[in-house]
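Working notes for the structure below.
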2 protein chains.
Amino acid sequence: METTMDMLLTEMPTAGCCMPALAPRISPAEAQQLSDDLTMLSHPIRLQILDMLAQRDGEVCVCDLEAALPVKQPTVSHHLKLLRAAGLITCERRGLWAYYSVQREALAAMRRRILAQFDALQ
Amino acid sequence: METTMDMLLTEMPTAGCCMPALAPRISPAEAQQLSDDLTMLSHPIRLQILDMLAQRDGEVCVCDLEAALPVKQPTVSHHLKLLRAAGLITCERRGLWAYYSVQREALAAMRRRILAQFDALQ
DNA sequence: CGCCTACATCGAAGGTTGTCAATATAGTTT
DNA sequence: AAACTATATTGACAACCTTCGATGTAGGCG
């Protein structure tokens with residue numbers, strides 16, 4: 001007859017579960033950071049915006065984006081605001097227009113963070 | 001005095017916007033696929049589950065996961081179901097227990113898809 | 001058989017996100 | 001100054017996501 005203690009201390013070939021101390025190697029905080037990065041990228045409109053800005057850095061205004069995307073102007077502005085808050089893009093006002101650019105270094109840093117965690121999963 | 005037509009046909013050093021045919025190089029369908037991939041990964045619980053499964057392939061049951069995570073059993077089952085539907089994990093029932101494994105090839109394929117699109121942004 | 005255990009599913013509640021019409025803001029033109 | 005333009009913001013609504021208690025299911029055991 002085996003006690004619970006015996007089961008915890010011996011190896012269990014076929015039956016049994018809940019082996020000693022399984023824990024994620026990634027910390028909850030790291031998981032949250034990675035999740036935030038991925039969430040920022042996980043929207044088709046934001047991906048397409050980043051793609052267009054990467055093509056024509058500093059020369060893309062909101063009406064260009066609006067014309068190329070299947071959403072209305074307030075929605076474009078909304079996604080631009082999110083990307084700006086995440087540090088992935090910047091905007092410069094010239095006259096009536098707002099010209100947006102990718103922050104390539106910030107995007108590269110995010111890419112590095114994502115890859116590092118991905119590779120930690122082997 | 002310049003007409004709108006003049007502005008469209010000449011180069012515009014400072015003012016003017018809406019240049020010819022800006023379009024995302026990434027298609028809406030590709031953007032959606034990438035967005036789906038990223039969405040699947042963009043949750044701390046799912047990331048931690050994948051991390052734990054990557055450590056101890058095929059020997060992790062739901063109660064191990066539940067013990068290591070700050071959510072209740074139905075929530076763990078919910079995330080496992082999503083990961084299973086995405087093809088990223090599989091489960092094998094042995095007796096009362098359900099043992100989960102990472103599908104390393106599916107995860108690697110997802111990594112490849114994400115990286116390819118990321119690199120396309122330069 | 002009846003009870004127990006591990007896990008899945010259901011259904012409801014609460015939170016977050018995405019969208020757009022309406023409106024505000026700020027620069028431009030006349 | 002008044003009219004106009006590009007963009008931002010607001011507020012409302014709908015859709016979606018996450019979570020969990022309650023319940024269902026199926027295998028193991030006395």
Side-chain angles (χ1 to χ4, degrees), chain A residues 1-2 4 7 12 14-19 28 31-32 35-36 38-49 59-86 89-100, chain B residues 1-4 6-8 12 14-19 22 28 31-32 35-36 38-49 59-86 89-100:
Chain A
M1 176 264 201
E2 274 192 334
T4 306
M7 293 188 61
M12 292 146 289
T14 48
C17 76
C18 301
M19 314 213 171
Q32 186 61 57
S35 163
D36 289 347
L38 294 168
T39 299
M40 180 54 54
L41 295 177
S42 66
H43 192 287
I45 297 293
R46 288 195 290 274
L47 290 170
Q48 291 175 89
I49 288 174
E59 291 304 329
V60 182
C61 65
V62 179
C63 56
D64 288 323
L65 297 172
E66 189 187 353
L69 294 169
V71 290
K72 302 285 186 184
Q73 177 264 319
T75 303
V76 176
S77 274
H78 169 68
H79 289 294
L80 289 170
K81 186 180 190 173
L82 294 179
L83 290 168
R84 218 175 331 120
I89 66 177
T90 51
C91 96
E92 182 200 351
R93 265 192 168 268
R94 272 184 259 156
L96 278 181
W97 295 276
Y99 292 90
Y100 280 85
Chain B
M1 174 263 202
E2 274 192 338
T3 65
T4 305
D6 287 336
M7 293 187 60
L8 284 172
M12 292 147 290
T14 50
C17 78
C18 301
M19 315 214 170
L22 179 62
Q32 186 62 56
S35 163
D36 290 347
L38 295 168
T39 298
M40 180 55 54
L41 295 177
S42 66
H43 193 288
I45 297 293
R46 289 196 289 275
L47 290 170
Q48 291 176 90
I49 289 174
E59 292 303 330
V60 182
C61 66
V62 180
C63 55
D64 288 324
L65 297 172
E66 189 186 353
L69 293 169
V71 290
K72 304 283 187 186
Q73 177 264 318
T75 304
V76 175
S77 274
H78 170 68
H79 289 294
L80 288 169
K81 185 178 191 174
L82 294 180
L83 290 167
R84 216 174 332 119
I89 66 177
T90 53
C91 93
E92 182 200 351
R93 267 195 167 264
R94 273 183 258 156
L96 278 181
W97 294 276
Y99 292 91
Y100 279 85

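Small disclaimer: the values here were computed from a predicted structure and weren't measured. The chains referred to below are lettered A, B, ... by the order of the sequence lines, with proteins before strands, and numbering in each begins at 1.
A/Leu80 places its CG atom 14 Å from the C1' atom of C/dG18, with the value rounded to the nearest Å. D/dA8 atom P lies 17 Å from atom NZ of A/Lys72, rounded to whole Å. Between B/Leu96 atom CG and C/dA8 atom C1' the separation is 13 Å, expressed in whole Å. The CD-P distance, from A/Glu66 to D/dA6, rounds to 10 Å in whole Å. The interatomic distance linking B/Asp64 (CG) with C/dA6 (C1') rounds to 12 Å, in whole Å. Rounded to whole Å, atom P of D/dA8 lies 13 Å from atom OH of A/Tyr99. Whole-Å rounding puts the A/Arg93 CZ to D/dA6 P distance at 11 Å.
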Chi angles and distances behind the side-chain contact (heavy atoms from CB on, under 4.5 Å) call for B/Leu65, B/Leu80: CA-CA 10 Å; B/Leu65 297 172; B/Leu80 288 169; 3.9 Å; yes

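Considering only the side chain of A/Leu82, C/dG18 comes nearest among D/dT18, C/dT9, C/dG18. Between D/dC20, C/dA22, C/dA8, one nucleotide has an atom nearer to the side chain of A/Pro74 than all others, and that is C/dA22.
A sub-4.0 Å separation between OP1 or OP2 of C/dT19 and a side-chain N or O of A/His79 is present. The side chain of A/Tyr100 places no N or O atom within less than 4.0 Å of a non-bridging phosphate oxygen (OP1 or OP2) of D/dA6. Considering only side-chain N and O atoms, A/Lys81 lies under 4.0 angstrom from the phosphate OP1 or OP2 of D/dT9. Between A/Thr75 and C/dT19 there is no side-chain N or O to OP1 or OP2 distance below 4.0 Å.
Across all strands, A/His78 comes closer than 4.0 Å to base atoms (heavy-atom distances).
Of the possible polar contacts, none joining the B/Ser77 side chain to the B/Pro74 backbone as a donor-acceptor pair under 3.5 Å is found. Side-chain atoms of A/Gln48 come within 3.5 Å of backbone atoms of A/Pro44 as a donor-acceptor pair (strictly under, hydrogens ignored). Looking only at distances, a side-chain donor or acceptor of B/Arg46 sits under 3.5 Å from a matching main-chain atom of B/Met40.
Of all heavy-atom pairs spanning B/Tyr99 and B/Glu59, the tightest one is CD2-C, 3.7 Å. For the residue pair B/Leu47 and A/Ala31, the shortest heavy atom distance occurs at CD1-O, 3.5 Å.
No side-chain heavy atom of B/Ile45 sits under 4.5 Å from any side-chain heavy atom of A/Ser35.
Taking only distance into account, the side chain of A/Gln73 never meets the base of D/dA6 through a donor-acceptor pair shorter than 3.5 Å.
Nearest-nucleotide mapping onto DNA chain C: of A/Pro70 and B/Val62, the residue sitting toward the 5' end is B/Val62.
Shown for residues 41-49 of chain A: no residue has heavy atoms falling under 4.0 angstrom of DNA chain D.
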